[in-house]
Amino acid sequence: MAEVLVLVEQLDGSVKKVTSELLTLARSLGEPAAVWVGGGLDDAAAASLAEFGAATIYVADGAELSDFAVAPKAEVLAQLVAEKSPAAVLIASNAEGKEVAGRLAVKANSGVITDAVAVDSGLIATQSVFGGSTVVHSKVTKGTPIITVRPNSVAPEASAGASTKVPVTVALSDSAKKAKVTGRTVAAKGGRPELTEAAIVVSGGRGVGAAEGFGVIESLADSLGAAVGASRAATDAGWYPHQYQVGQTGKTVSPQLYIANGISGAIQHRAGMQTSKTIVVVNKDAEAPMFELADYGVVGDLFNVVPQLTEEIKKRTS
Amino acid sequence: MKIAVCVKQVPDTWAEKKLRSDDSTLDRESADGVMNELDEYAVEEALQIAEANSGEVTIVTMGPDRAAETVRKALSMGADAGIHLVDDSLHGSDAIATSYALAKVLEGRGFDLIIFGSESTDARMSVVPAMVAERLGIAQLTFAQKVSVAGSTVTIERATDYGYDTVEASTPAVISVVEKINEPRYPSFKGIMAAKKKPVESLGAGDAGIDGGQIGLSAAWSGVNDFAVRPPKAAGTVVTDEAGDGGVKIAEFLSAQKFI
Ligand SMILES: Cc1cc2nc3c(=O)[nH]c(=O)nc-3n(C[C@H](O)[C@H](O)[C@H](O)COP(=O)(O)OP(=O)(O)OC[C@H]3O[C@@H](n4cnc5c(N)ncnc54)[C@H](O)[C@@H]3O)c2cc1C
Ligand SMILES: Nc1ncnc2c1ncn2[C@@H]1O[C@H](COP(=O)(O)O)[C@@H](O)[C@H]1O
């Protein structure tokens, strides 16, 4: 069975959930091989790759690899593609993942598909475009299929793999050493799950009225173990930090449950959340377009509805 | 300092977008074309850098005839000159082909900085800037929320999921910018008049030394098998909070759906 390479997403050595999803998907396409780039592969990280079926872990841990942005990951993958002729390469569809995929595609003279929400055994990818209004099936027709897959598209299922570690030595080219990472700034995030990976997202918009208003949004999110999102109206007003903006020019999320509070449902907001599996809407305007997407909606003031919902959830889960 | 800005004309964000039934490419005729909103931030950043470093800004676009409107708009914001790559053989080019064609136009012109938007609102791939950097073999400084230029050293804050990375390189470099970086200016009346006299070089694929076998729909590295317009979502249940029990009702729904 041909190998399917999965680029591991990790932060400070801990493997992200999306990697378990991609390994699960890779098992249905061939033999999953995880590709680890950079230092920090400890036993716990290796065990979590084994748990989701990695037969092999290619380990490229040269000291230089983390010193430069994006390009080194593409070079490691390009070398593996040339040596191992895998059936496909799967990468998480986030900002960096898509860039790695793009550079790899140029290097390997191969086609690239981004933002897939499913990939079938014939390597046909499903994408949801134009704010979810159109479903497209596409296929790479040249070289090795390079596919970036959105977080939360696949339910991770454990299935033990051998996880044999195979060291990979890559001599970085000069052009991969041109953008040097000189610092890393981690914004305080207060223990909530990451927005693009979260199973539940609770969002607030202009209807929240002020920065302080986000307190009720955060309390609801915490009662559900959810991430907090915001519309552009709320981030532009400075009520919530920009990195939590959902939509066309913010993050694309695809959680199991999306709760939109005081958000009208402009097309640019919908573009970032329309593929959520279940959508709940709270808005005092019964005409708000957001209700068109709602599986369940309440027409009412979010400052009454949301705190009551939070209390009720706490009651039911305690 | 010589700065290029790559801008793309896209269908108006507010228009309903659809794919063509004949070749599954984006139907660009059925909607008004506008400058990709994120590219306005790229133009603004280029103008600010040029103002501070006595630079010159050239707008580069690849697209059909009417994409010239987008070049004019950038010129009316204050850019100095434009290059429009226009050729029927480019129709249907995917990101790989687009990056190849743009790299061909950009190479050998001595640009110190090549600035992009971080994403086109139609393709939404966010890969063209990285691919152009790869092809030109120059530094990639993308997803910048802040750019500082000191002589030939460029430092950016690269927006990440967890905050930002500080990334540094020497020119020449490719930069892409995110929307929080600045507030794009509106073209002034004077700017609009001045733009009419600014030079725009129109290039065909052959003029740019582009190999016809690497571009267009027939050369694409991936293809659409089929597509379908998704039927509008079936209406869900909407209740009012008149009785003041809206929160409890949502909790009941969430519980029935096994979320709690
Ligand atoms: C190119 C482009 C890109 C964009 N990208 C994005 C993007 O990425 N993400 C994004 O979100 N937007 C984006 N926008 C902006 C988008 O068009 C809308 O302006 C924005 O989404 C509106 O945010 P909102 O729904 O919070 O505000 P509004 O549209 O003002 O809606 C507020 C809603 O809150 C309700 N409300 C008010 N008070 C209460 C209350 N007490 N209780 C309950 N409900 C209440 C109101 O009835 C109203 O429906 C973009 C725009 C453009 C042009
Ligand atoms: N046809 C084009 N002409 C000029 N610039 C382009 C073109 N396509 C993409 N770009 C640039 O690449 C950026 C990212 O586009 P994309 O990778 O398609 O999301 C855009 O914001 C533009 O700056």
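Within every chain, numbering begins at 1; the chains are lettered A, B, ... in the order of the sequence lines, protein sequences first and strands thereafter.
Contact count against chain B (heavy-atom pairs under 4.5 Å) is highest for A294(A) among A294(A), A286(A), G250(A), G300(A). Counting heavy-atom pairs closer than 4.5 Å to chain B, the top residue among E292(A), H137(A), K98(A), K180(A) is H137(A). Put simply, of A139(B), G223(B), G246(B), the one with the most heavy-atom pairs under 4.5 Å next to chain A is G223(B). For the options T240(B), V238(B), T237(B), I260(B), heavy-atom pairs under 4.5 Å to chain A are most numerous at T237(B). Each of V229(B), V178(B), N225(B) has some count of heavy-atom pairs under 4.5 Å with chain A, and the biggest count is that of N225(B). Chosen from T126(A), D301(A), V112(A), T141(A), the residue pairing most often with chain B at heavy-atom distances under 4.5 Å is T141(A). Across I250(B), V224(B), V127(B), the residue that shares the most heavy-atom pairs under 4.5 angstrom with chain A is I250(B). Of the listed residues (S110(A), A101(A), A125(A)), the one with the most heavy-atom contacts under 4.5 Å to chain B is S110(A). When each of T249(A), T148(A), N304(A), I259(A) is checked for heavy-atom pairs under 4.5 Å with chain B, T249(A) comes out on top. Ranked by heavy-atom pairs shorter than 4.5 Å toward chain B, the options L104(A), T114(A), I313(A) are led by T114(A).
Heavy atoms of A220(B) lying under 4.5 Å from chain A belong exclusively to its backbone. E311(A) does not touch chain B: none of its heavy atoms, backbone or side chain, sits under 4.5 Å away. Contacts between E179(B) and chain A at a heavy-atom distance below 4.5 Å involve the side chain alone, from C-beta outward. Neither the backbone nor the side chain of L220(A) comes within contact range of chain B; no heavy atoms are under 4.5 Å apart. With a 4.5 angstrom heavy-atom cutoff, V140(A) touches chain B via backbone and side-chain atoms both. Using a 4.5 Å cut-off between heavy atoms, V281(A) does not touch chain B at all. Contacts between L11(A) and chain B at a heavy-atom distance below 4.5 Å involve the side chain alone, from C-beta outward. Residue L141(B) touches chain A through its side chain alone, counting heavy-atom pairs closer than 4.5 Å. Looking at T196(A), only its side chain comes within 4.5 Å of chain B, counting heavy atoms on both sides. Within the 4.5 angstrom heavy-atom criterion, atoms from both the backbone and the side chain of T182(A) approach chain B. Contact of A71(A) with chain B is not made at all, since no heavy-atom distance falls under 4.5 Å. The part of R316(A) that comes within reach of chain B is its side chain, from C-beta onward, which places non-hydrogen atoms under 4.5 angstrom from that chain. Interface remark: S118(B) contributes no atoms to any contact with chain A (heavy atom separation under 4.5 Å). Only the side chain of K251(A) comes within contact range of chain B, with at least one heavy atom under 4.5 Å from a heavy atom of that chain. Both the backbone and the side chain of E168(B) come within contact range of chain A, with heavy atoms under 4.5 Å apart. For L195(A), no part sits under 4.5 Å from any heavy atom of chain B, backbone or side chain. Neither the backbone nor the side chain of A97(B) comes within less than 4.5 Å of any heavy atom in chain A.
Looking at heavy atoms from C-beta onward, R103(A) lies in side-chain contact with Q140(B) at the 4.5 angstrom threshold. Residues L19(B) and T25(B) fail the side-chain proximity criterion, which asks for heavy atoms closer than 4.5 Å. Contact annotation: the side chain of I175(B) never approaches that of F116(B) to less than 4.5 Å [non-hydrogen atoms, C-beta and beyond]. Put simply, the side chain of W221(B) reaches to within 4.5 Å of the side chain of N109(A), judged on heavy atoms.
Look at E197(A) and K17(A) and you find no salt bridge, because none of the NZ, NE, NH1 or NH2 atoms lies under 4.0 Å from a carboxylate O. With salt bridges taken as basic N to acidic carboxylate O contacts below 4.0 Å, none links K249(B) and E252(B). Ion pairing between a basic and an acidic side chain is recognised when a charged N comes within 4.0 Å of a carboxylate O; K16(A) and E194(A) show such pairing. Using a 4.0 Å cut-off between a side-chain N of Lys or Arg and a carboxylate O of Asp or Glu, E44(B) and R185(B) qualify as a salt bridge. Using a 4.0 Å cut-off between a side-chain N of Lys or Arg and a carboxylate O of Asp or Glu, D295(A) and K277(A) do not qualify as a salt bridge. Here D165(B) pairs with R184(A) in a salt bridge; the nearest charged N to carboxylate O distance falls below 4.0 Å. A salt bridge links E96(A) with K73(A): at least one charged nitrogen is closer than 4.0 Å to a carboxylate oxygen.
Side-chain contact check for S93(A) and D115(A): at least one donor-acceptor pair (N or O, by modelled atom type) lies under 3.5 Å. Side-chain contact annotation: E119(B) with N36(B), donor-acceptor N/O pair under 3.5 Å absent. There is a side-chain donor-acceptor pair under 3.5 Å between T142(B) and E99(A).
Of the listed residues (V136(A), V135(A), V117(A), T134(A)), just one forms a side-chain contact (heavy atoms from CB on, under 4.5 Å) with Q127(A), and that residue is V136(A).
A cation-pi arrangement is not found for K177(A) relative to F68(A), the charged atom failing to lie both closer than 6.0 Å to the ring centre and inside a 45° cone about the ring normal.
Pairs engaging residues 241-260 of chain B under the ring-ring contact (aromatic ring centres under 6.0 Å, His included) rule: Y296(A)-F253(B) [sequence neighbours left out].
In this structure, the salt bridge (Lys or Arg N to Asp or Glu O under 4.0 Å) partners of K104(B), at least two apart in sequence or on a different chain, are E107(B). Under the rule for a ring pair (Phe, Tyr, Trp, His ring centres under 6.0 Å), the partners of Y240(A) that lie at least two apart in sequence or sit in another chain are F214(A), Y244(A).
Contacts from residues 147-158 of chain B to chain A, taken as heavy-atom pairs separated by less than 4.5 Å, involve R158(B) in sequence order.
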